[in-house]
S.K.: 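Take this structure, written in structure tokens, and hold onto it; I'll ask about it next.
Heavy atoms only: backbone and side chains are in, while hydrogens, waters and symmetry mates are out.
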Amino acid sequence: MKKFVSSVLAASMVLSLAACGSSAASSAASSDAAASTGSTTASADFTPIKIGGIGPVTGGAAIYGQAVKNAEELAVKEINEAAGYTVFDFKFEDDEHDAEKSVNAYNSLKDWGMQVLAGPTTTTPSLAVAAEAANDNLFMMTPSASAEAVIQIGDNVFQICFTDPNQGIASADYIADNALGTKVGIIYDSSDAYSAGIHDKFKTEAAAKGLEVVADEAFTADNKSDLSTQLTKCQSAGADLVFLPIYYQEASQILIAANSSGYTPKFFGCDGMDGILTIKGFDTSLAEGLMLLTPFAADASGEKTQAFVTAYKEAYGDIPNQFAADAYDVVYAIYDAVKAGNLSGDMSASDLCDALKTQITGLTFDGLTGDGMTWDASGAVSKAPKAVVIKDGAYAAM
């Protein structure tokens, strides 16, 4: 199987698709698929594949969905421009991080003619949508819904992000192996599948690695306006490191409370922490020294990363986060599978799904978020985790 390397400068990687059709005709792509602009030409011998995306571009989790939307648009644009014809049509729907709205978005995309889903973005909506996609036998690869339950719903559902258990285990291993702390406090959202899944595996692995969990404090989505009580219990128990398998909004509250009380442990989070430096009104100096697991750091020196960061900044005026990088990789991984299987949009969504399952599980993919990525039949990805620390107001590799 040919190994695929994604790059913003993608001209060379689409030459194999050019053989699918050398003649050009005017594109019939609708305005609904305007995100695939960059190619206004359609190959006479290639029917574009319709890819849908879903995520929150409004509401409290919009930083995740907007990054995913931007990166998927960018990847589609690059692929189409380099090919010289429309390989992918693309449309994205907002779900506001709500399961019911995510299913509505899925149905809207189906009405549009979606054949492949690059999403949804967050875990709870993905659980609802995955059930629909499994029933339809429509191929789904989520960039960032990390609960194991997402891919357990059907053999058509894949992840490019780490699963929650893997993040919990990797976090405990990293903390222990690098002697970051010995007495650990945990603050997590017991009502959230993402947070609870990481918490459970972290606690088990921490015990196996000799870390002492001295405080294990939960909150829920209905009771998170003040998290100082949970933090105080960690402080009273003598925790020298506080593990936060939560999203960045709640984490910012904890960092503010720690500053107010003079409590200065090390703080360690996971990929949901990504975005904490972009909260309006938040004093980012309070996040100095915060560590987190993430598959992507925008300041990494690799050629692929820097090309992506440059293109993303030029297109959207912002620095991409790991949600953007994972989403970008999703589109390119699907593209690699399309090339390997000589697939096109003239197939039904179900037939395309069956073909993509075969190609993805036989693929070795080099992307922004990992080299040598592979998938097994469960839909889980295999790639190595990385850790970053916030230093001087930016992510730095550890």
Side-chain angles (χ1 to χ4, degrees), residues 54-56 59-65 67-68 95-106 117-135 140-172 186-206 216-224 227 230 243-251 254 268-275 292-295 322-323 326-327 330 378-381 385:
I54 301 174
I63 191 170
Y64 303 138
V68 167
D95 68 5
E96 301 178 43
H97 185 45
D98 179 89
E100 183 178 353
K101 291 178 180 178
S102 201
V103 171
N104 291 339
Y106 173 83
L117 175 59
T121 300
T122 49
T123 292
T124 300
S126 290
L127 289 168
V129 169
E132 301 294 323
N135 186 60
M140 167 180 160
M141 181 177 283
T142 172
S144 44
S146 50
E148 273 190 314
V150 172
I151 54 175
Q152 290 170 351
I153 289 173
D155 65 358
N156 62 307
V157 184
F158 290 76
Q159 292 165 321
I160 209 163
C161 55
F162 299 117
T163 62
D164 294 341
N166 283 347
Q167 289 199 73
I169 293 168
S171 294
I186 308 172
I187 303 175
Y188 74 104
D189 183 351
S190 60
S191 66
D192 180 72
Y194 165 82
S195 185
I198 296 175
H199 161 271
D200 293 348
K201 287 296 185 179
F202 175 87
K203 193 172 180 182
T204 299
E205 184 69 5
D216 187 12
E217 302 302 319
F219 63 90
T220 67
D222 296 327
N223 185 24
K224 62 179 183 180
L227 300 176
Q230 289 87 343
F243 181 55
L244 302 174
I246 56 179
Y247 292 115
Y248 65 92
Q249 299 96 329
E250 292 80 18
I254 291 169
F268 196 103
C270 297
D271 58 5
M273 191 70 69
D274 200 355
L292 62 148
L293 282 187
T294 175
Q322 62 95 11
F323 289 83
D326 272 332
V330 164
S378 75
V381 69

S.K.: Please check: side-chain N/O of Thr204 versus main-chain N/O of Asp200, any donor-acceptor pairing under 3.5 Å?
M.R.: yes

S.K.: Between the main-chain N or O of Thr122 and the side-chain N or O of Ser144, is there a donor-acceptor pair closer than 3.5 Å?
M.R.: no

S.K.: Apply side chain to side chain donor-acceptor pair (under 3.5 Å) to the pair Ser195 and Asp189, showing each step before the final yes or no.
M.R.: CA-CA 6 Å; Ser195 185; Asp189 183 351; 5.8 Å; no

S.K.: Can you confirm whether Tyr194 sits close enough to Ser146 that some side-chain heavy atom of one is under 4.5 Å from a side-chain heavy atom of the other?
M.R.: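 Touching, per the 4.5 Å side-chain cut-off.
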
S.K.: Enter the distance from His97:NE2 to Tyr247:OH here, rounded to the nearest 0.5 Å.
M.R.: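 Interatomic distance, His97 NE2 to Tyr247 OH, rounded to 0.5 Å: 5.5 Å.
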
S.K.: Atom CG of Asp192 and atom OG1 of Thr123: how far apart are they, to the nearest 0.5 Å?
M.R.: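 Here the rounded value is 7.0 Å.
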
S.K.: For the residue pair Ala61 and Pro56, what are the closest heavy atoms and their distance?
M.R.: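 Closest heavy-atom pair between Ala61 and Pro56: O-CG, 3.3 Å.
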
S.K.: For a side-chain contact (heavy atoms from CB on, under 4.5 Å) check, start with the C-alpha distance between Thr220 and Asn223, then their side-chain angles and the critical distance, and finish with the verdict.
M.R.: CA-CA 5 Å; Thr220 67; Asn223 185 24; 3.6 Å; yes

S.K.: Please evaluate residues Val129 and Thr142 with respect to the criterion side-chain contact (heavy atoms from CB on, under 4.5 Å), reporting the C-alpha separation (whole Å), side-chain torsions for both, the decisive distance (0.1 Å), and the verdict.
M.R.: CA-CA 11 Å; Val129 169; Thr142 172; over 6 Å; no

S.K.: In Å and rounded to the nearest 0.5 Å, what is the CD1 to CZ distance from Ile254 to Phe219?
M.R.: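 The CD1 atom of Ile254 sits 6.0 Å away from the CZ atom of Phe219.
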
S.K.: So, for Cys161 and Ala145, which heavy atoms are closest and what is the spacing to 0.1 Å?
M.R.: SG-O, 3.6 Å

S.K.: Just by distance, with hydrogens left out, do Thr163 and Asn166 show a side-chain donor and acceptor under 3.5 Å apart?
M.R.: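 A donor-acceptor contact under 3.5 Å links the two side chains.
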
S.K.: I need the minimum non-hydrogen distance between Gln167 and Leu293, along with the two atoms involved.
M.R.: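 Smallest interatomic distance, heavy atoms only, reads O-CD1, 3.8 Å.
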
S.K.: Is there a side-chain contact between Val381 and Phe158 (heavy atoms, below 4.5 Å)?
M.R.: no

S.K.: Strictly distance-based, threshold 3.5 Å: is any side-chain N or O of Gln159 a donor or acceptor partner for the main-chain N or O of Gly379?
M.R.: no

S.K.: Looking only at atom types and distance, does a side-chain atom of Glu132 sit under 3.5 Å from a main-chain N or O of Tyr106, one as donor and one as acceptor?
M.R.: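 No, because the side chain of Glu132 does not come within donor-acceptor range (under 3.5 Å) of the backbone of Tyr106.
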
S.K.: Test Ile198 against Tyr188 for side-chain contact (heavy atoms from CB on, under 4.5 Å), laying out the working first.
M.R.: CA-CA 9 Å; Ile198 296 175; Tyr188 74 104; over 6 Å; no

S.K.: Quick check: closest heavy atoms across Ile246 and Ala251, and the distance to 0.1 Å?
M.R.: CD1-N, 3.7 Å

S.K.: Which atom pair, heavy atoms only, marks the closest approach of Ala134 to Gly154?
M.R.: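 So the two residues come closest at CB-CA, 4.3 Å.
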
S.K.: Nearest 0.5 Å please: distance from the OG1 atom of Thr294 over to the CZ atom of Phe162.
M.R.: 8.0 Å

S.K.: Under the 3.5 angstrom rule, does the side chain of Thr121 hit a backbone N or O of Ile54 as a donor-acceptor pair?
M.R.: yes

S.K.: Decide yes or no on salt bridge (Lys or Arg N to Asp or Glu O under 4.0 Å) for Asp216 and Lys203, but give the supporting numbers first.
M.R.: CA-CA 9 Å; Asp216 187 12; Lys203 193 172 180 182; 2.8 Å; yes

S.K.: Please assess Ser126 against Met140 for the test side-chain contact (heavy atoms from CB on, under 4.5 Å), listing each intermediate value before the final yes or no.
M.R.: CA-CA 10 Å; Ser126 290; Met140 167 180 160; 4.2 Å; yes

S.K.: Should the pair Phe243 and Phe202 be assigned to parallel (<30°), tilted (30 to 60°) or perpendicular (>60°) ring geometry?
M.R.: parallel

S.K.: Does Gln249 use its side chain to pair, donor to acceptor, with the backbone of Gly60 at less than 3.5 Å?
M.R.: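 Here the side-chain-to-backbone pair exists.
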
S.K.: In Å and rounded to the nearest 0.5 Å, what is the CG to OG distance from Leu244 to Ser171?
M.R.: 10.5 Å

S.K.: To the closest 0.5 Å, what do you measure between CD (Glu250) and CD (Gln230)?
M.R.: 11.0 Å

S.K.: For Glu100, I'd like to know if atom CD has over 12 heavy atoms of other residues, nucleotides or ligands within 6.0 Å.
M.R.: no

S.K.: Is there side-chain contact between Leu227 and Glu217, with at least one heavy-atom pair below 4.5 Å?
M.R.: no

